[in-house]
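One structure is given below, encoded as structure tokens.
Here is how names work: the chains are called A, B, and so on, in the same order as the sequence lines, proteins then strands, and each is numbered from 1. A quick note: this is a predicted structure, and the numbers were derived from the prediction, not measured.
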Number of protein chains: 2
Amino acid sequence: MFSKACKYAINAMIYISTLPEGNDRVGLKEISKAINSPEAFTAKILQILVRENLLSSIKGPNGGFEIHEEGRKTHLYRIVQVIDGDQIFTGCALGLEKCSEDHPCAVHNKFKAIREHLAGMMMTTSLEDMAKGIQNGTNFLKI
Amino acid sequence: MFSKACKYAINAMIYISTLPEGNDRVGLKEISKAINSPEAFTAKILQILVRENLLSSIKGPNGGFEIHEEGRKTHLYRIVQVIDGDQIFTGCALGLEKCSEDHPCAVHNKFKAIREHLAGMMMTTSLEDMAKGIQNGTNFLKI
DNA sequence: ATAGTATCGGATATTTTTATCCTTTAATAT
DNA sequence: ATATTAAAGGATAAAAATATCCGATACTAT
Ligand code: FES
Ligand code: FES
């Protein structure tokens with residue numbers, strides 16, 4: 001479904017969002033430990049998220065990553081889009097060059113509903129929302 | 001969503017199912033032309049499907065692949081399972097070792113519904129069903 | 001100013017997926 | 001029997017995804 005890179009991105013963003021706003025600066029090491037991901041690879045992914053302004057970073061001592069106010073309203077859809085592209089939301093399930101009503105693949109009609117279900121869910125689920133479940137121990141980021 | 005191998009497998013199986021039953025023997029070359037897939041790679045995938053008894057093959061002149069009676073009732077779920085495994089139907093969306101109610105990831109509840117939607121669709125969609133859409137020109141296998 | 005720290009970014013390595021090549025095996029037709 | 005044909009299977013190659021390494025950059029603290 002999602003690439004590993006994308007899973008790490010989502011979990012990392014949620015983890016940062018669980019930290020108290022304004023006091024949420026956190027380093028790579030802590031993040032990758034919290035989500036159980038390879039450190040160096042996670043760094044690459046965080047770099048992309050920073051470049052795309054979904055995340056901000058500060059270098060040097062007491063440096064790290066943080067997500068301010070508005071950033072916590074980011075929807076999962078956007079993260080997937082930035083890391084995996086939106087093939088999953090718009091592409092053809094069976095590999096046709098493009099998904100369209102005019103030239104539908106064998107599963108187009110049935111699949112479209114699922115894809116929209118997924119896209120809708122991802123578009124209405126924010127980091128804030130997810131962070132709550134982690135904070136109160138209902139949901140988990142690793143193992 | 002699905003691997004290329006899996007997409008080729010599904011389209012190939014549907015293509016064979018569009019041919020008149022009992023007179024449906026068709027060679028690799030024709031199949032990969034019909035679904036626009038790389039020949040040698042497609043051969044590998046068909047071999048797996050033959051090994052798993054979703055397809056049968058005959059060597060030599062007038063040889064090829066065919067799907068008998070019962071085979072046409074095969075559901076897409078089974079093809080995905082054989083080629084990609086059932087990670088997509090049972091695995092955790094965010095990469096936890098296993099998906100479970102006891103230790104749910106951040107999107108577990110929301111994702112479960114989508115996964116079940118997908119699994120249900122794939123379990124109730126057969127080659128026969130798909131073949132009809134191709135035969136009457138409503139759906140397409142390539143481009 | 002200087003040393004220390006943490007992210008950035010480029011280079012490289014490993015693994016997995018996708019794709020090709022070629023020999024072997026089994027069936028057909030002459 | 002023999003030549004021909006098409007799938008099977010093993011070996012290899014290319015591409016993409018995942019993962020690691022290390023010097024450069026920017027910031028902090030002393
Ligand atoms: S054409 Fe395949 S999903 Fe729309
Ligand atoms: S635990 Fe992640 S989808 Fe169920």
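Nearest approach of B:Leu127 to B:Ile79, heavy atoms of both residues: CD2-CD1, 3.9 Å. Among all heavy-atom pairs drawn from A:Thr125 and A:Met130, the shortest one is CG2-CE, 3.2 Å.
Ring geometry for A:Tyr77 versus A:Phe89: interplanar angle under 30°, hence parallel rather than tilted (30 to 60°). A tilted orientation is assigned to the rings of A:His117 and B:His117, their planes being inclined by 30° to 60°.
Residue B:Ile83 contributes atom CD1, which lies 16 Å from atom C1' of C:dT16 at whole-angstrom precision. Note: CZ (B:Arg25) to C1' (D:dT5) measures 13 Å, nearest angstrom. Note: CD (B:Glu39) to P (C:dA19) measures 13 Å, nearest angstrom. When rounded to the nearest whole Å, the span between CD of B:Glu30 and P of D:dT5 equals 17 Å. Put simply, CD1 on A:Ile45 is 15 Å from C1' on C:dC8, counting in whole angstrom units. Atom CG in B:Asp84 sits about 11 Å away from atom C1' in C:dT17, given to the nearest Å. Taking atom CZ of B:Arg51 as the reference point, atom P of C:dT25 lies 16 Å away to the nearest angstrom. Look at CD1 on A:Ile48: it is 11 Å from P on C:dG9, rounded to the nearest Å.
Tested against A:Ser57 for a side chain to side chain contact (heavy atoms under 4.5 Å, CB included), the candidates A:Leu46, A:Val50, A:Leu28, A:Leu49 yield a single pass: A:Val50.
Within the nucleic acid shown, A:Leu46 has no heavy atom closer than 4.0 Å to any nucleic acid atom. Within the 4.0 angstrom heavy-atom criterion, no nucleotide atom of any strand lies near B:Lys29.
The listed nucleotides are C:dC8, C:dA19, C:dT18; the one nearest the side chain of A:Val50 is C:dC8. Side chain of A:Leu28, nearest nucleotide from C:dG9, C:dT7, D:dA7: C:dT7. Set against C:dA6, D:dG10, C:dA19, the side chain of B:Lys44 has D:dG10 as its closest nucleotide. In this structure, of D:dG9, D:dA8, C:dT28, it is C:dT28 that holds the atom nearest to the side chain of B:Pro61. Each of D:dT20, D:dA8, D:dA26 was ranked by its minimum atom distance to the side chain of A:Lys59; first place goes to D:dA26.
An OP1 or OP2 oxygen of D:dC27 is reached within less than 4.0 angstrom by no side-chain nitrogen or oxygen of A:Asn62. Between B:Tyr8 and C:dA19 there is a side-chain N or O to OP1 or OP2 distance below 4.0 Å. For A:Lys4 and D:dA19, the shortest distance from a side-chain N or O to OP1 or OP2 is below 4.0 Å. Between A:Ser57 and C:dC8 there is a side-chain polar atom (N or O) within less than 4.0 angstrom of OP1 or OP2.
Counting heavy atoms from C-beta outward, A:Ser56 and A:His68 have side chains that approach closer than 4.5 Å.
Mapped onto DNA chain D by nearest heavy atom, B:Gln47 and A:Phe41 fall at different nucleotides, with B:Gln47 at the one closer to the 5' end. Taking for each of A:Thr42 and B:Ile58 the nucleotide of DNA chain D with the nearest heavy atom, the 5'-most of the two is the partner of B:Ile58.
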